[in-house]
Chemist: 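Here it is, the structure, as structure tokens.
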Amino acid sequence: MKMNTRKTRLAVAVAGVVGLSSIAAQAADFNASTTLQNTLTVVSLQDFDLGTVFASSAGTALTDGVGAIQIEPDGTTTDVSASAISLISLGTPVPAQGSVDMAAPFTLTLPATNTVAAADFAADAGASLTNITTVGAALEHESANPDVPDLYLIHFTVADVSGGTRADETAAFDGDFVVTPEFGETTYVFNIGATLTTAPAAAVGSETYQEGIYAGTFEVTASY
């Protein structure tokens, strides 16, 4: 007897439930700010001490010229005038010294005095000498007497002390020196020299040079 066997297949359905939920997005605003600074801080480490000088007189005519002493950034001096007006250094000046914190090239700017021709010192005459009073740094007598002539600082120079190297001015005495910091250095230290002159004839009052202290200021900036 033949038996019929029926196989029953049970299909088991597994229902997977996928839950979908919405993701909540929340935005937040952040403030942003910066300070733009094109001018760097120049730190004065040492003032310019010109020492003691002797000045015989100031000229009364353009042809009298001026007395002039070139003070190098290392403090050495050179008489750069052939004028009859005497300006003599009686001691070793101490140059000004400053520093700038910067790790990239920048420009160090001192007063531009290129309108005064150094050649006019030797010639004892020259229209450019009258410009000393408008571009030079005036050193006024302590009495503040306007009839006492001033002394003047012009033709500023810069020498490296540490931390970088400065390039020569594009034009003589234009006052701009491009400084490149040395690798890994962030502070550049420099010395300042200048030429000290007597007053040109156009700036002479009724008095001659008086004993005492002559003082003034000049500006140095750094930018990039």
Chemist: Could you list all the ring-ring contact (aromatic ring centres under 6.0 Å, His included) pairs where at least one residue sits in residues 157-187, not counting sequence neighbours?
Modeler: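 Only H155-F173 qualify under ring-ring contact (aromatic ring centres under 6.0 Å, His included).
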
Chemist: CD1 of I69 to CG of L87: how many Å apart, nearest 0.5 Å?
Modeler: 3.5 Å

Chemist: Check for a donor-acceptor pair, side chain of S206 on one end and backbone N or O of D147 on the other, with a separation under 3.5 Å.
Modeler: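 No: the side chain of S206 does not pair with the backbone of D147.
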
Chemist: If you define the side chain from C-beta out and look only at heavy atoms, does anything of Q46 sit under 4.5 Å from V94?
Modeler: yes

Chemist: Does S83 reach the side chain of D124, with side-chain heavy atoms less than 4.5 Å apart?
Modeler: yes

Chemist: Does the Y188 side chain pair with the main chain of A103, one donor and one acceptor, at a distance under 3.5 Å?
Modeler: no

Chemist: Applying the side-chain contact (heavy atoms from CB on, under 4.5 Å) test to I154, which of L196, V116, T115, V66 qualifies?
Modeler: V116

Chemist: Are side-chain heavy atoms of I71 and L50 found at a separation under 4.5 Å?
Modeler: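 Sidechains of L50 and I71: in contact.
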
Chemist: Find out whether V179 and R166 are in side-chain contact, i.e. whether some heavy atom of one side chain is under 4.5 Å from a heavy atom of the other.
Modeler: yes

Chemist: Would you say F190 and V42 make side-chain contact, with heavy atoms under 4.5 Å?
Modeler: yes

Chemist: At their closest point, which heavy atom of T130 faces which heavy atom of L62, and how far apart are they?
Modeler: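 Smallest interatomic distance, heavy atoms only, reads CG2-CD1, 4.2 Å.
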
Chemist: When you compare the side chain of L40 with that of D101, does any pair of heavy atoms fall below 4.5 Å?
Modeler: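 No, side chains not in contact.
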
